[in-house]
Protein chains: 2
Amino acid sequence: MAPLPPKVPAGAAMTGNPHNMRTSPFYSHIAQSVGPVNIVTPAGQIGIRPDGSIPTQPTEQIQQALANLSRCLEAAGASVKDILKLTYYIVDYDHLDPRQRAPLLEFLGDHRPPSTLVPVPKLALPGIIFEIEVIAAIPQLPSERVDVVVVGAGLSGLQAAVDMQKAGLSVKVLEARDRVGGKTWSKPVHGSVCDVGAAWINDTNQSKMFALAKRYSLDLIEQNTKGKMIVDKGVGKLKAHPYGQLLSHEDDRAAIADIVRVRDIFEETCQKIDLRNPVTSGSAIRKDLDNITFEQWVRSQDCCEDALNALTIGTRAMLGVEPSEISALYFLDYCKSGGGYMQMRSDCKDGGQYLRIAQGTQSFSMGLASELAPDSLVLLSPVRRIVQKAGAVTVVSARGTFEASRVIVSVPTPLYKEISFEPSLPPEKLALAQETKLGDYCKMIVFYRKPWWREHDLCGLSQSSHGPFAVTRDSSVDGDGHFSLTCFVTGQPARDWMVLSPADRKKAVLEQIAKLFGPFAKVEEPVEVVEQIWRNEQWSQGCPCPVMGPGGLTKFEHVLRAPTGRLHFVGTETAYEWKGYMEGAVRSGERGAQEVLLALNKAKV
Amino acid sequence: MAPLPPKVPAGAAMTGNPHNMRTSPFYSHIAQSVGPVNIVTPAGQIGIRPDGSIPTQPTEQIQQALANLSRCLEAAGASVKDILKLTYYIVDYDHLDPRQRAPLLEFLGDHRPPSTLVPVPKLALPGIIFEIEVIAAIPQLPSERVDVVVVGAGLSGLQAAVDMQKAGLSVKVLEARDRVGGKTWSKPVHGSVCDVGAAWINDTNQSKMFALAKRYSLDLIEQNTKGKMIVDKGVGKLKAHPYGQLLSHEDDRAAIADIVRVRDIFEETCQKIDLRNPVTSGSAIRKDLDNITFEQWVRSQDCCEDALNALTIGTRAMLGVEPSEISALYFLDYCKSGGGYMQMRSDCKDGGQYLRIAQGTQSFSMGLASELAPDSLVLLSPVRRIVQKAGAVTVVSARGTFEASRVIVSVPTPLYKEISFEPSLPPEKLALAQETKLGDYCKMIVFYRKPWWREHDLCGLSQSSHGPFAVTRDSSVDGDGHFSLTCFVTGQPARDWMVLSPADRKKAVLEQIAKLFGPFAKVEEPVEVVEQIWRNEQWSQGCPCPVMGPGGLTKFEHVLRAPTGRLHFVGTETAYEWKGYMEGAVRSGERGAQEVLLALNKAKV
């Protein structure tokens with residue numbers, strides 16, 4: 001039995017109706033806030049997309065306006081249940097055709113705030129037929145003084161909190177989302193779950209994760225590598241060959257040899273990196289490698305285009321970026337943190353993608369959360385302001401203000417900008433926040449009635465340079481009757497794909513599956529598709545790990561983990577081992593807890 | 001170096017935008033209040049003027065609506081930065097011609113609250129094309145128990161607070177405005193300041209103010225009396241004569257003689273007043289003088305119209321009222337408090353208008369404020385309610401509620417009505433608040449490139465019965481390259497002038513300057529004009545000192561300063577010496593502090 005998710009806080013808005021008054025199933029006559037609240041007032045929201053376009057179809061426009069409103073509420077730490085009042089303005093209103101009703105009811109769930117409907121001749125922009133505004137009230141917890149506030153209930157923050165509580169400290173964990181887990185997120189689908197974020201551990205060199213899997217009695221599934229994998233043309237010819245081999249036809253033997261040659265040089269260089277000191281590894285100062293992009297490094301090996309393509313699949317699948325966007329040394333160091341490029345990319349024993357979790361990887365986060373003392377965790381409470389004063393830090397979050405002796409900041413470096421630090425973070429931390437970027441990383445998980453690829457001796461792994469996704473993998477949980485291929489849409493192809501309509505995004509992925517798998521198997525119609533675009537997540541803004549461009553490691557290798565006054569910084573990108581992985585997150589959390597315990601003289605000697 | 005102004009409190013409204021959403025430079029997508037707040041909801045504001053007229057020019061109408069909104073916020077103790085959300089309604093909206101934008105941005109400064117724009121076919125009144133409503137949230141300070149709350153951070157309140165803190169009491173000063181100083185207000189203009197309120201002290205009989213000037217190292221400027229002053233016809237003929245003399249032409253010698261005769265009787269009567277007991281001065285009970293207006297008293301001297309005109313300039317320039325509006329005894333007592341009519345009106349040594357302050361008179365208030373213990377002063381926090389209970393007084397202000405053993409009320413008597421007293425003030429205090437009135441007192445300060453009047457042997461003083469202003473004076477700060485004439489638009493002429501448009505008000509003043517000075521000098525074009533209308537100030541409602549009509553002193557001479565339970569009352573009108581002047585304010589503050597110290601057994605014996 002996997003750990004249960006922690007409870008989402010109740011809203012402050014009590015709704016009701018006066019006695020003996022005409023009521024409506026669509027709204028309440030009154031709402032009132034109960035207890036201390038913060039007020040949230042989004043701007044009137046219209047159905048404009050992030051790219052500035054406006055859906056012409058009225059229902060779609062209304063849905064877009066509501067989606068925008070959801071984004072605003074989320075960014076403020078408010079939920080639909082916190083809405084006190086809504087007002088909507090409708091152009092060409094026809095009371096016989098209340099087209100706003102269905103999308104509104106879907107948006108509201110079972111909450112029925114009071115509302116006002118205002119028919120208007122037009123709105124601020126031509127073509128806009130609907131605008132909605134709300135007042136929401138976020139209930140405020142009583143102020144509390146604790147030893148430590150942890151900002152973020154991803155794996156690193158939760159691990160730190162658990163460790164510190166075990167050592168006797170009082171801890172408050174403030175999480176922006178309505179769930180724990182950060183980039184571990186297991187969505188329920190048809191009696192199973194699918195991992196839209198982190199998906200794998202292993203049982204050898206990922207000792208922390210394997211221990212947690214045992215601790216929470218999670219069921220482990222070996223990644224399917226039985227049968228052939230598919231490699232698209234551009235990395236040799238389109239072909240299916242046994243997992244782990246690079247069998248080539250006569251006419252692409254040279255290309256394959258070149259790929260292997262460059263890969264081996266990369267692996268060799270990678271293994272020489274000193275993880276504790278990547279820039280000044282051993283006797284060689286590796287600023288030369290930090291000053292060029294990974295693409296420049298690959299090209300400097302005098303290789304064929306296929307070798308670059310093959311390694312491009314690597315940066316895309318591992319970091320959601322192009323080889324031109326990261327420093328060569330950054331990528332070498334990243335790979336070394338997982339034991340090297342070959343190991344990090346491997347789906348086999350000791351590899352980065354060896355074991356999946358039947359209950360989903362979010363079970364790790366829910367497990368850690370379940371170990372916290374009662375009321376330690378506050379969901380839906382983004383931290384707004386961290387004020388360091390003599391003797392204490394004040395942490396202002398959407399649902400309460402807390403005083404602490406120390407604060408652990410467990411958010412990705414590019415998201416430091418979402419918090420107002422007073423005094424300001426030191427210039428080098430600000431530069432770190434500014435200059436590290438999260439990759440574009442999307443998953444489309446395609447569910448089928450049965451694992452048709454296995455019937456044709458395919459393991460489900462495919463690699464491609466043509467189309468939205470770079471990689472697919474079998475993500476089934478056979479015991480649940482859940483059969484799926486997860487398609488990794490990442491890097492530049494993801495950017496081109498994200499701007500498509502939802503229907504076109506799905507079509508493009510299904511077409512690429514057909515193109516890759518069609519020559520080797522009878523591709524079936526999917527029964528369900530789950531899409532996850534990490535760029536659109538207010539509290540992730542990308543995935544899986546903030547990357548550094550040329551010069552980044554030289555500037556930031558020591559800044560990354562440096563405490564600032566009473567603030568400590570954790571997160572998978574700060575790990576020495578398995579950066580970007582759950583293992584790295586948990587290890588960074590342990591390191592953060594240890595720092596705080598030392599600072600507060602609570603560490604075990 | 002003049003003392004620095006105290007800090008205005010930060011707003012409660014945090015604004016921002018969700019990640020990856022289309023943003024606008026004109027509004028934010030979200031605002032949320034942080035910490036405990038009070039909510040302010042002004043009515044939708046339209047561009048109607050106080051006289052009920054509506055500007056026909058759209059931009060002017062929008063500006064008037066925003067000015068009205070500013071007044072609402074000010075009256076609630078809210079600032080623009082406290083606005084959480086705004087909604088505006090526009091008739092004949094054209095998205096290609098957003099005429100609301102420029103005035104809105106000017107109104108908002110650098111605050112960008114979320115907004116909703118609602119095009120509408122019409123609004124509540126014909127001709128109205130714009131209406132705006134806001135929700136504002138005023139941050140609330142934690143409740144505190146102090147020894148004394150002082151209501152008002154003008155000179156009297158600040159002096160009282162400083163004295164009480166020096167004696168060891170804990171004091172909270174609650175000020176309605178975003179600044180200290182009340183009617184001392186020095187506005188920055190072109191690298192200098194101009195005093196739109198109180199302007200003069202002297203170094204002999206205003207010992208308190210002179211000591212403060214020394215304490216804050218302020219630079220003193222002797223009022224310019226070199227050269228001739230101008231007297232308009234109606235007080236004899238239009239002429240220029242040396243300051244302090246009343247040289248007359250052949251044809252107005254009789255009028256001048258009559259003026260001098262009546263003035264001398266007035267001065268003689270004045271000198272007999274017992275300031276501690278004006279109604280029962282000496283053996284003569286002076287109810288007879290309190291039962292008539294000053295105009296009736298003048299006319300009873302059987303004088304010519306010119307004599308009444310001359311003394312009318314006196315009541316206008318000194319109190320902003322007509323001789324028919326004040327009791328004769330009130331005016332006699334008022335003049336006696338400054339050493340007599342001649343001394344109070346004098347611009348020379350010992351006179352009421354002898355020394356100006358290069359840094360501005362607000363420096364006195366900022367100096368006193370700078371002596372307060374940290375966090376003693378709360379700006380933008382009008383007091384709403386004063387509740388006397390057993391053992392304590394609760395003071396509810398816009399930014400916080402405080403408990404105190406004693407309260408010093410340092411607001412002008414007519415403004416007592418802005419505070420809800422529980423239990424109600426005694427009937428005689430209510431009558432005092434009801435029956436004392438503040439004068440109509442405006443300044444128009446006209447800046448020139450050079451002091452052209454001096455080149456023609458004029459000191460800048462003029463007196464006139466014809467036109468908006470009664471008096472002008474040289475208000476230059478030569479060291480700053482600041483050359484100005486300050487025109488005193490007061491009494492009935494002020495009432496006629498205030499209803500004009502800003503352009504017409506300026507025109508009328510410049511025309512009067514030309515008419516008065518033109519015959520004697522080459523009048524130059526102004527480079528800047530600063531206008532101050534004290535009637536429009538929410539927290540003054542007039543200037544300089546509340547006056548009493550017939551019977552007022554008889555009723556109120558002892559009521560004025562009488563404490564009520566735990567409440568004590570200060571303010572320049574409660575002084576025995578230099579009523580209506582800064583000296584009176586400071587002396588009243590000292591008296592109030594002494595009363596409280598005695599009550600709390602803290603007075604030095």
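In this text the structure is predicted, and so the values were computed from the model without any measurement. Order of the sequence lines fixes the chain letters, A, B, ..., with proteins taken first and strands second; residue numbering starts at 1 for each chain.
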Contact class of B:Ile90 relative to chain A, heavy atoms under 4.5 angstrom: neither

Heavy-atom distance under 4.5 Å between the side chains of A:Glu133 and B:Lys85, does that happen here? yes

Residue B:Ala137 versus chain A: region with a heavy atom under 4.5 Å: neither

Among B:Val34, B:Val37, B:Val120, who wins on heavy-atom pairs under 4.5 Å with chain A? B:Val34

Under 4.5 Å from any heavy atom of chain B, what part of A:Asp51 do you find: side chain, backbone, both or neither? backbone

Do other residues, nucleotides or ligands put more than 12 heavy atoms under 6.0 Å from A:Glu422 CD? yes

Distance check, rounded to the nearest 0.5 Å: B:Asn17 atom CG versus A:Gln538 atom CD? 9.5 Å

Evaluate whether atom CG of A:Asp496 has more than 12 neighbouring non-hydrogen atoms of other residues, nucleotides or ligands under 6.0 angstrom away. yes

Where is the tightest heavy-atom contact between B:Gln32 and A:Val40, given as atom of each residue plus distance? CB-CG2, 3.9 Å

Heavy-atom distances under 4.5 Å only: say whether B:Tyr93 touches chain A with side chain, backbone, both or neither. both

Pair count under 4.5 Å, heavy atoms only, with chain B: among A:Ala136, A:Ala398, A:Pro126, highest is A:Pro126

Do the side chains of A:Gln45 and B:His29 get nearer than 4.5 Å, heavy atoms only? yes

Look at A:Ala78, A:Gly44, A:Gly77 and state which one has the largest set of heavy-atom pairs under 4.5 Å with chain B. A:Gly44

Chain B heavy atoms under 4.5 Å from A:Ile39: which part of the residue, side chain, backbone, both or neither? both

Taking atom NZ of B:Lys389 as the centre, report whether more than 12 heavy atoms of other residues, nucleotides or ligands fall under 6.0 Å from it. yes

Do A:Glu74 and B:Pro18 come close enough that some side-chain heavy atom pair is under 4.5 Å? no

Check each atom of B:Leu86 against the heavy atoms of chain A and say whether the ones under 4.5 Å are side chain, backbone, both or neither. neither

Within the structure provided, determine whether A:Cys72 and B:Met21 are in side-chain contact (heavy-atom separation under 4.5 Å). yes

Main-chain N/O of B:His19 paired with A:Arg71 side-chain donor or acceptor, under 3.5 Å: yes

Counting only heavy atoms not in B:Asp97 (residues, nucleotides, ligands), do more than 12 fall under 6.0 Å from its CG? yes

Taking all atoms of both residues into account, what is the closest heavy-atom pair of B:Leu117 and A:Glu131, and its distance? O-OE1, 4.1 Å

Does any backbone or side-chain atom of A:Ile138 lie under 4.5 Å from a heavy atom of chain B? Answer side chain, backbone, both or neither. side chain

With a 4.5 angstrom heavy-atom cut-off, could you sort out which part of A:Arg385 is near chain B: side chain, backbone, both or neither? side chain

Is the CD atom of B:Glu106 crowded by more than 12 outside heavy atoms at less than 6.0 Å? no

Among B:Thr116, B:Val118, B:Ile135, B:Thr87, which has the most heavy-atom pairs under 4.5 Å with chain A? B:Thr116

Please report the closest heavy-atom contact between B:Gly35 and A:Asn38, naming both atoms and the distance. O-OD1, 3.2 Å

Please flag which part of B:Ser28 lies under 4.5 Å from any non-hydrogen atom of chain A: side chain, backbone, both or neither. backbone

Which portion of B:Tyr88 sits near chain A, non-hydrogen atoms under 4.5 angstrom: neither

Closest approach of A:Pro121 to B:Pro119 (non-hydrogen atoms, all atoms of both residues): CD-O, 3.5 Å

